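So that the names make sense, note that chain A is the first sequence line, chain B the second, and so on, each numbered from 1. All values reported here derive from a predicted model rather than from experimental measurement.
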Amino acid sequence: MPNTTHNKAAFIKDLLVWFAQSHRPLPWKDTQDAYIIWLSEIILQQTRVEQGLPYFERFRANYPTVKHLADAPEDEVMRMWEGLGYYSRARNLHATAKLIAYELNGEFPDTFENIRALKGVGDYTAAAIASFAYDLPHAVVDGNVYRVLSRYFGIATPIDTTAGKKQFRALADELLHSKDPATYNQAIMDFGATHCKPKQALCKTCLMQKNCAAFAKKKVYDLPVKSKKLKKITRYFHYLVINEGQDVWLKKRGPGDIWQNLYDFGLIEAPATLTTDELQKTEGWSALFKNTNVDIKSISRPFLQTLTHRKIVAVFIEMNIQKSFQPPDASYIKASRNQLDQYAFPRILNDYLNDNTLELFS
DNA sequence: AACCCGGGGGT
DNA sequence: ACCCCAGGGTT
């Protein structure tokens, strides 16, 4: 690794100059309310600012204090999070709000260690809250920081390894402007997000260009380095849309799989898409409809959803049932078909429910 | 260390 | 089709 001692002071100086001229106003930057800062940081995990912004405004308006959030019903919180993804964030947010409101006397933790101990708060989020809410000297290391530092200092260590994380963490700690850690943290993330972008980096107009190792070696788009590639597995879902008069049976999803605490329908998963004949021979089918007569109305086209490391293929089998359905466990609930907006669904269910070419629940 | 957890937007 | 996003948790 090249000796970068000289460049470190220039990096900090130029970064703060850039920030003073070019930072973007964000609605969670006008406060030092730790609750509001925490809320914004959880929403922004693996989420673009533009995507998270309306969710932030909605949460802040509905839950202006941590107690409002703590006292909200879980289904309501999940519904407000619907569509944002990574739903463990919403579950941890709600659990942590209860903890703060009722175990910590409504007072948000004010040390790095105590913030870091909260559910859903890792190294990045703890450093962000500690610096933004309390001016504590902790450097953030997020995707922006990896990109900016790897390029400027020409570091090709893969960022998704233990050694890489350690190296970038150490550099970030060295660079932290301890007099004003909040401004420094905000500056490096803003710079990465709007100037030193993954693609179409604005090198041409960059005042850091003169000292940027990647620019000098024409390696801007080779950094940062990631070593791991993920494999995508396809899963085949067969959703059983069980209608009983004006009601339809929903199922609350449990732990150990995607979409925990969201709602869907009775589900039979198979290694491939099955015909209705094949479906009725599965164990899942007989377990669900032991002594019940089922009248299959129709089977939908395949709906597709791509997740980070899964591809979901789902077909929806609409059926009427004569006698009352006997659910095998308490995760099944009967819901009125015109009150489905009370439930948070995965995107692929909303795609199905909102497909006007289908005749649902006829 | 490897894997899991979403959905949107850009290229 | 692939990458990235103000990452964190579990095994």
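For A:Arg151 (side chain) and A:Leu223 (main-chain N/O), a donor-acceptor pair under 3.5 Å exists by modelled atom type. Not one N or O on the side chain of A:Ser131 forms a donor-acceptor pair closer than 3.5 Å with the backbone of A:Ala182. Side-chain N or O atoms of A:Asn354 include one that pairs as donor or acceptor with a backbone N or O of A:Asn350 at under 3.5 Å.
At the heavy-atom level, A:Trp28 lies under 4.0 Å from base atoms of the strands shown. Residue A:Ile258 is in sugar-phosphate contact alone, with no base atom involved, counting any heavy-atom pair closer than 4.0 Å across all strands shown. At a threshold of 4.0 angstrom between heavy atoms, the contacts of A:Val145 with the nucleic acid are absent. Within 4.0 Å of A:Leu26, counting heavy atoms only, lies at least one base atom of the nucleic acid.
Between the NZ atom of A:Lys228 and the C1' atom of B:dC3 there is a distance of 11 Å, given to the nearest Å. Atom CZ of A:Arg169 and atom P of C:dG8 are 10 Å apart (whole Å). Summarising the geometry, the separation between CD1 on A:Ile43 and P on C:dG7 is reported as 14 Å, rounded to the nearest angstrom. Remark: P of B:dC4 and CZ of A:Arg253 are 15 Å apart, rounded to the nearest angstrom. Between the P atom of C:dG8 and the CD1 atom of A:Ile115 lies a distance of 13 Å, rounded to the nearest Å. Distance, A:Arg347 CZ to B:dG9 C1': 12 Å, rounded to whole Å. Between the CG atom of A:Leu223 and the C1' atom of C:dC4 there is a distance of 16 Å, given to the nearest Å. Atom CG in A:Leu307 sits about 16 Å away from atom P in C:dC3, given to the nearest Å.
Checking C:dC4, C:dG7, C:dA6 against the side-chain heavy atoms of A:Tyr86 singles out C:dG7 as nearest. For A:Tyr87, whose side chain is taken as the heavy atoms from C-beta onward, the closest listed nucleotide among C:dG8, C:dA6, B:dG6 is B:dG6. Each of C:dC4, B:dC4, B:dG6 was ranked by its minimum atom distance to the side chain of A:His309; first place goes to B:dC4. When the nucleotides C:dA6, C:dG8, C:dC5 are ranked by their closest atom to the side chain of A:Leu44, C:dA6 comes out on top. Taking only side-chain atoms of A:Glu41, from C-beta outward, the nucleotide of C:dG7, C:dA6, B:dG6 with the closest atom is C:dA6. The side chain of A:Thr125 approaches C:dG7 more closely than any other nucleotide in the set B:dG6, C:dG7, C:dC5.
Ring to ring, A:Trp81 and A:Phe59 are close: their centroids are under 6.0 angstrom apart. Taking the six-membered ring where the residue is Trp, the centroids of A:Trp249 and A:Phe265 are separated by 6.0 Å or more.
Every stem involving DNA chain B, taken as at least 3 paired positions in a row under the Watson-Crick or G-U wobble test at 3.5 Å, is listed here: B:1-5 with C:7-11, B:7-11 with C:1-5.
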Exercise. Given A:Tyr35 and A:Tyr63, is the ring pair (Phe, Tyr, Trp, His ring centres under 6.0 Å) satisfied, shown in steps?
Worked result: CA-CA 10 Å; A:Tyr35 162 69; A:Tyr63 312 125; 8.6 Å; no
For this session: Go through A:Tyr152 and A:Phe11 one step at a time and tell me if the ring pair (Phe, Tyr, Trp, His ring centres under 6.0 Å) criterion holds.
Result: CA-CA 8 Å; A:Tyr152 187 89; A:Phe11 174 82; 4.8 Å; yes
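Nucleotides B:dG8 and C:dG8 have their P atoms positioned 22 Å apart, rounded to a whole Å. Comparing B:dC5 with C:dA6, their P atoms sit 23 Å apart, to the nearest whole Å.
For A:Gln46, no side-chain nitrogen or oxygen approaches OP1 or OP2 of C:dC5 to under 4.0 Å. One finds no side-chain N or O of A:Ser88 lying less than 4.0 angstrom from the OP1 or OP2 phosphate oxygen of C:dG8. Residue A:Arg116 has no polar side-chain atom (N or O) positioned under 4.0 Å from OP1 or OP2 of C:dG8.
Nearest-nucleotide mapping onto DNA chain B: of A:Ile233 and A:Leu262, the residue sitting toward the 5' end is A:Ile233. Comparing A:Arg310 and A:Thr306, the nucleotide of DNA chain B nearest to each residue sits closer to the 5' end for A:Arg310. Nearest-nucleotide positions on DNA chain C for A:Val49 and A:Asn92 put A:Val49 closer to the 5' end. Both A:Lys226 and A:Leu118 lie near DNA chain C, and the one whose nearest nucleotide falls closer to the 5' end is A:Lys226.
Classified by interplanar angle (parallel below 30°, tilted 30° to 60°, perpendicular above 60°), the ring pair A:Tyr239/A:Phe237 is perpendicular. Using cut-offs of 30° and 60° on the angle between ring planes, the pair A:Tyr352 and A:Phe303 is perpendicular.
A:His238 NE2 to A:Glu278 CD: the interatomic distance, rounded to the nearest 0.5 Å, is 8.0 Å.
Contacts between residues 182-209 of chain A and DNA chain B, counted as heavy-atom distances below 4.0 Å, involve A:Lys199, A:Gln200.
Side-chain atoms of A:Glu50 stay outside donor-acceptor range of the base of B:dG9, with no qualifying N/O pair under 3.5 Å.
Both tests do not hold together for A:Lys67 against A:Tyr102: distance to the six-membered ring centre under 6.0 Å, angle to the ring axis within 45°. Relative to the six-membered ring of A:Tyr87, A:Arg89 misses at least one condition, a distance below 6.0 Å or an angle of at most 45° to the axis.
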